[in-house]
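In listed order, ligands and their atoms are each counted from 1. Source: prediction; values computed, not measured.
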Amino acid sequence: MSELTQDHLSEQQYWMQRAIELARLGQYSTKPNPNVGCVIVKDGQLIGEGYHPKAGQPHAEVFALRQAGDHAKDATAYVTLEPCAHYGRTPPCAEALVKAQVKKVVVACSDPNPLVAGKGVQILQNAGIEVETGICVDEAKTLNFGFLKAMSTGLPYVRLKVASSLDGRTAMASGESKWITGTEARQDVQHWRAISGAVITGIQTVLADDCELNVRVLTDVDVSTVVQPKRIVLDRQGQLPLSAKMLQNPETVMVMTPFRQELADLGVIQLTPQPLNQLLQTLSQQYQIYDVLVEAGATLSTAFLQQGLVDEMISYVAPTLLGQSARAMFNAEFSKMAEQRRFELVDVTQLGQDIRLRLLPIQELI
Ligand SMILES: NC(=O)c1ccc[n+]([C@@H]2O[C@H](COP(=O)([O-])OP(=O)(O)OC[C@H]3O[C@@H](n4cnc5c(N)ncnc54)[C@H](OP(=O)(O)O)[C@@H]3O)[C@@H](O)[C@H]2O)c1
């Protein structure tokens, strides 16, 4: 490890920030692979850059090395995630960096994938390349919450989205819910869907809204480049109507249901009814779904929260009152303050007339 001076640190941060920006260009298209960016710098000049655009396509380092060509010799490579050490659909990036004879590799975030974990760094160090890790690590982790969590725990990162009125209501008593929030907030939801491997909902939401839960419009991004999330309906009684709008694209629908031949005929993946924690494990381990967005009514949202399965709540609050007969966002019965569920507020953003709160559940009871 080399010693970090202030100037040295800021130069490293500058280039790593550029690599992080590049990584973000793949945020809607790389899943289930992680978002990774790479820049190659020599004598203070950028000589190559790249990001991983899509599973099956070259990794960030390969694009950056191609651009740098022979100039990569004795240069410094900045990579947001530890270079891979294994033969997947592409050869190991750590070996490509060795072959290009870079002098130094700066890594933001180690890769907990058991196929890589420390091995990428080892290959570089064995070849005499200086390696420094941990530069901008917190920001780099935000690129891949799901991938990092799944690789280290076997479970996906779960975001729970709720749109509510000022009085905490999410639908009228009749089930009518269009619309509580305005267009900017609803547009923002498209981003969270687009970075997710799956959107999970409950059967009652599908019956009430006939929702599609797909990605339709993204700001400044061509939607055809997005890897669409799977739409997963939890339907333990097998009530999903074959006329449901989401079944117009059955290849991206999964249903947790007692087996139904008519869904099989459509090519819909069926999951046997199982507890939520087991379902999340199945999604991560069998289907490489590492980021999950729950967009359900109070029944299923409460179940996820009460079982401690939510990593982050994304709460849109609209400046409107829906009254006491409208449905609450959370339907647990608490009688004592000690039972309350608290969150840590990590971000507040105004979207048109609404606000978006990003909240991390505090799991310990107060
Ligand atoms: N404002 C918002 O953000 C928002 C978002 C989505 C929906 N909504 C509104 O919410 C309303 C529907 O809410 P809802 O509470 O009736 O329905 P829901 O939460 O969408 O669906 C509930 C159903 O999910 C199924 N389920 C499967 N596994 C479950 C589990 N482990 N725990 C709990 N449920 C499980 C249950 O049906 P089975 O027992 O048959 O499996 C249950 O009845 C609609 O009016 C919709 O418009 C609002």
Checklist entry - Which of the numbered atoms in ligand 1 are below 4.0 angstrom from a heavy atom of Val162? => result 3 (O)

Item to check | ligand 1 N/O within reach of Leu276 N/O, cut-off under 3.5 Å | outcome: no

Checklist entry - Centres of the Phe63 and His52 rings: under 6.0 Å? => result no

Item to check | atom 13 (O) of ligand 1: nearest protein contact (heavy atom, Å) | outcome: Gly297 CA, 3.2 Å

Item to check | Nearest option to atom 38 (P) of ligand 1, as decided by whichever heavy atom of Gln307, Gln204, Gln237 sits closest | outcome: Gln237

Checklist entry - Among all protein non-hydrogen atoms, which one is nearest to atom 3 (O) of ligand 1, and what is the separation to 0.1 Å? => result Ala163 N, 2.8 Å

Item to check | Distance under 6.0 Å and angle within 45° of ring axis: Arg186 vs Trp179 | outcome: yes

Item to check | Short N or O distance, Ser301 and ligand 1, threshold 3.5 Å exclusive | outcome: no

Checklist entry - With respect to Asp291, which candidate in Lys149, Lys31, Arg159 satisfies the side chain to side chain donor-acceptor pair (under 3.5 Å) definition? => result Arg159

Checklist entry - Got a donor-acceptor contact below 3.5 angstrom from the Arg327 side chain to the Gly297 backbone? => result no

Checklist entry - Are Thr349 and Arg356 linked by a side-chain donor-acceptor pair shorter than 3.5 Å? => result yes

Next on the checklist: Out of all atoms in ligand 1, which are within 4.0 Å of some heavy atom of Ala208? Include the element for each.
Outcome noted: 44 (C), 45 (O)

Checklist entry - Closest non-hydrogen protein atom to atom 48 (C) of ligand 1, residue and atom name please, with distance? => result Thr170 O, 3.5 Å

Next on the checklist: Would the distance check show the side chain of Asn144 and the main-chain N or O of Asn35 forming a donor-acceptor pair, the cut-off being under 3.5 Å?
Outcome noted: yes

Checklist entry - For atom 42 (C) of ligand 1, what is the nearest protein heavy atom, given as residue, atom name and distance? => result Thr299 CG2, 4.1 Å

Item to check | Member of Ile289, Ile200, Val268 meeting the side chain to side chain contact (heavy atoms under 4.5 Å, CB included) criterion with Met254 | outcome: Ile289

Checklist outcome for this item: When rounded to the nearest 0.5 Å, the distance separating CE of Met172 from OG of Ser325 is 5.5 Å

Checklist entry - Going hydrophobic residue to hydrophobic residue with side-chain gaps under 4.5 angstrom, can you get from Val253 over to Leu279? => result no

Next on the checklist: Using heavy-atom distances only, which candidate in Ala171, Cys211, Gly202, Pro275 approaches atom 21 (O) of ligand 1 most closely?
Outcome noted: Gly202

Checklist entry - Any nitrogen or oxygen of Met256, main chain or side chain, under 3.5 Å from a nitrogen or oxygen of ligand 1? => result no

Checklist entry - Are Glu212 and Gln248 linked by a side-chain donor-acceptor pair shorter than 3.5 Å? => result no

Checklist entry - What's the shortest distance from atom 5 (C) of ligand 1 to any protein heavy atom, and which residue and atom give it? => result Ala296 O, 3.3 Å

Checklist entry - Can Asn126 and Gln122 be counted as having a side-chain donor-acceptor contact under 3.5 angstrom? => result yes

Checklist entry - With respect to atom 33 (C) of ligand 1, which of Leu300, Val206, Ile203 exhibits the smallest heavy-atom separation? => result Leu300

Next on the checklist: Taking Gly182's backbone N and O only, do any of them form a donor-acceptor pair with Gln353's side chain (distance below 3.5 Å, no angle check)?
Outcome noted: no

Checklist outcome for this item: Note: Asn331, heavy atoms under 4.0 Å from ligand 1, region reported as neither

Item to check | Residue, atom name and distance, where the atom is the protein heavy atom closest to atom 20 (O) of ligand 1 | outcome: Thr205 OG1, 2.5 Å

Checklist entry - Any N or O on Asp235 sitting closer than 3.5 Å to an N or O of ligand 1? => result no

Checklist outcome for this item: One finds that the ligand 1 atoms under 4.0 Å from a non-hydrogen atom of Ser177 are 47 (O)

Item to check | Donor-acceptor pair, side chain of Asp235 and main chain of Leu240, under 3.5 angstrom | outcome: yes

Checklist entry - For ligand 1, is Arg327 a contact, meaning one of its heavy atoms is under 4.0 Å away? => result yes

Item to check | Test item, Lys161 contacting ligand 1 (heavy atom, 4.0 angstrom) | outcome: yes

Next on the checklist: What I want to know is whether Glu295 and ligand 1 share at least one N or O pair that is separated by under 3.5 angstrom.
Outcome noted: no

Checklist entry - Among all protein non-hydrogen atoms, which one is nearest to atom 32 (N) of ligand 1, and what is the separation to 0.1 Å? => result Ala303 CB, 3.6 Å

Next on the checklist: Tell me whether ligand 1 is touched by Gln239 - counting only heavy atoms on the residue side and a distance under 4.0 Å.
Outcome noted: yes

Checklist entry - Do Arg236 and ligand 1 have an N or O pair less than 3.5 Å apart? => result yes

Next on the checklist: Counting only nitrogen or oxygen atoms and a 3.5 angstrom limit, does Glu176 reach ligand 1?
Outcome noted: no

Checklist entry - Nearest 0.5 Å, what's the OG1-CG distance between Thr299 and Leu234? => result 11.5 Å

Checklist entry - Within the structure, does Thr201 bring an N/O atom to less than 3.5 angstrom of an N/O atom in ligand 1? => result no

Item to check | Heavy-atom closest pair, residues Leu213 and Val199 | outcome: O-CG2, 3.9 Å

Checklist entry - So which heavy atom in the protein is nearest atom 45 (O) of ligand 1, and how far is it from that ligand atom? => result Gly175 O, 2.7 Å

Item to check | Under-4.0 Å heavy-atom contact with ligand 1, by part of Leu234 that carries it | outcome: both

Checklist entry - Under the 3.5 angstrom rule, does the side chain of Asp43 hit a backbone N or O of Gln45 as a donor-acceptor pair? => result no

